[in-house]
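Please read the structure below before turning to the comments.
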Amino acid sequence: MISFSEVSKRLGGFELKDVSFDIPEGYICGLVGRNGAGKTTLLNLILGLLRPKSGEISIDGMGYEADEKNVRKLFGCVLVDELLIKSLPLTENGEYFGHYYEDYDHEMFGAYLKRFELDGSKKFGKLSKGEKLKCQFAFALAVKPKYLMLDEPTANFDPQFRENFWKILKEFIADGEHSVLLATHLTDDLDRMADQLLYIENGKMIFNGDMESFRDRYKIVSGESYLIKGIDKQYILGAEKGKYSSKALTEGKKRFSEGLSVAPATIEEFMYYRSKGDTIK
């Protein structure tokens, strides 16, 4: 299990503050928030690229201070930064960086390159952005990690490969002993495929839980404006008046007036209405 307990980190004018969550084994966990919310900072803390100012980070009961080598071998990652050497062919990149991972499987790396329709003899620097991410994804899988840390990889994948990508993630966690943390703006995919959601805003954890709990807790209520205005304000996180009707993001279990339509909020709707505030007060 990946566990954060009241973790804080300041970087310039930004602060990740008192963040706590657990990612159990066997989960695909979506990490969501607007630009600058703290997603990359959180990922870097998990990977040991940053150290917290305060709080505790535990990876399978271990910490970086005492067990850095054993912790690092648990992770495979695909980050926004290009981590492979541009002048080397893909297979040589695998051989070079594979020496740093005791469980690296070069045959597996080659098999994934073939599955992703990548030419192993081609230099990494000659690939498109999407191809570079596919190559890094192949390498991350070939180190046989327990946890996959993925920072916005799907944005540059074509729709056909994105379905293949999610299929591989489901295969990866199928034994119940592996987990994925995926930071992405493509929230439609997370609504369909994620088991758990971490929603971060201005360095603070706003929601941490399973997707069933998220859908049960947050609802989109739509109907005529006077009916939306009649909802107790303590339940409304954001609302907007439309041309023919109004909508509100609500929190908590509540019975609403007849004439109002109620549906579980999607992640995108949750983000949108939180940013809008209540514009039909």
Side-chain angles (χ1 to χ4, degrees), residues 1-25 27-85 93 97 100-101 129 132-133 135-141 143-156 169 172 178-187 190 194 196-208 271:
M1 179 183 291
I2 299 172
S3 180
F4 271 43
S5 178
E6 298 185 347
V7 171
S8 295
K9 177 67 178 180
R10 180 178 291 277
L11 293 170
F14 172 80
E15 184 177 16
L16 195 72
K17 189 168 179 63
D18 297 330
V19 170
S20 298
F21 64 87
D22 295 321
I23 302 176
E25 297 171 344
Y27 277 61
I28 294 177
C29 180
L31 174 59
V32 178
R34 291 188 288 275
N35 289 337
K39 301 189 299 297
T40 299
T41 299
L42 191 149
L43 279 171
N44 286 338
L45 284 165
I46 292 175
L47 294 171
L49 303 176
L50 294 174
R51 298 298 167 90
K53 175 185 176 183
S54 60
E56 183 177 345
I57 300 172
S58 175
I59 315 293
D60 286 6
M62 300 180 290
Y64 280 101
E65 295 296 333
D67 297 290
E68 181 167 358
K69 182 179 179 181
N70 289 325
V71 172
R72 288 194 181 279
K73 71 180 183 181
L74 296 174
F75 291 107
C77 60
V78 179
L79 304 179
V80 174
D81 296 330
E82 297 175 1
L83 302 179
L84 303 183
I85 299 172
N93 261 295
F97 288 102
Y100 296 97
Y101 296 87
K129 180 66 174 178
K132 288 177 179 176
L133 290 169
C135 179
Q136 292 181 80
F137 184 42
F139 182 79
L141 292 165
V143 304
K144 299 181 179 179
K146 181 175 182 180
Y147 301 110
L148 276 174
M149 302 286 111
L150 310 172
D151 190 6
E152 297 288 358
T154 57
N156 291 280
L169 295 190
F172 181 76
H178 296 75
S179 292
V180 176
L181 180 62
L182 173 65
T184 181
H185 285 96
L186 299 178
T187 57
L190 293 181
Q196 185 176 3
L197 177 68
L198 303 178
Y199 184 87
I200 192 168
E201 191 173 279
N202 298 322
K204 296 181 180 179
M205 191 63 69
I206 302 300
F207 180 83
N208 164 32
M271 294 178 67

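Quick caveat, the model's predicted, so the values are computed rather than measured.
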Just wondering, do [Y] and [X] contact through their side chains at under 4.5 Å, heavy atoms?
X      : Y      : result
Phe4   : Asn208 : no
Phe97  : Ile85  : yes
Tyr147 : Ile59  : yes
Leu47  : Leu79  : yes
Leu198 : Leu181 : yes
Leu141 : Leu148 : yes

Are Asp22 and Tyr27 close enough that a side-chain donor and a side-chain acceptor fall under 3.5 Å?
-> no

Got more than 12 heavy atoms from elsewhere within 6.0 Å of NZ, Lys53?
-> no

Could you tell me whether Lys146 atom NZ has more than 12 heavy atoms of other residues or ligands within 6.0 Å of it?
-> yes

Is it the case that the side chain of [X] and the backbone of [Y] share a donor-acceptor pair, with hydrogens and angles ignored and the cut-off at 3.5 Å?
X      : Y     : value
Asn202 : Ala37 : no
Ser20  : Glu6  : yes
Asn44  : Leu49 : no

I need the minimum non-hydrogen distance between [X] and [Y], along with the two atoms involved.
X      : Y      : value
Pro24  : Ser179 : O-OG, 2.5 Å
Met62  : Leu74  : CE-CD1, 3.9 Å
Tyr64  : Phe75  : OH-CE1, 3.6 Å
Tyr199 : Met271 : CE1-CG, 3.3 Å
Ala183 : Leu43  : CB-CD1, 4.0 Å
Arg51  : Lys9   : O-NZ, 3.0 Å

Once rounded to the nearest 0.5 Å, what's the spacing between atom [atom1] of [X] and atom [atom2] of [Y]?
X      : Y      : atom1 : atom2 : answer
Thr184 : Lys39  : OG1   : NZ    : 9.0 Å
Cys77  : Phe137 : SG    : CZ    : 12.5 Å
Leu16  : Leu50  : CG    : CG    : 10.0 Å
Glu25  : His178 : CD    : NE2   : 9.0 Å
Leu31  : Leu182 : CG    : CG    : 8.5 Å
Lys73  : Lys144 : NZ    : NZ    : 13.0 Å

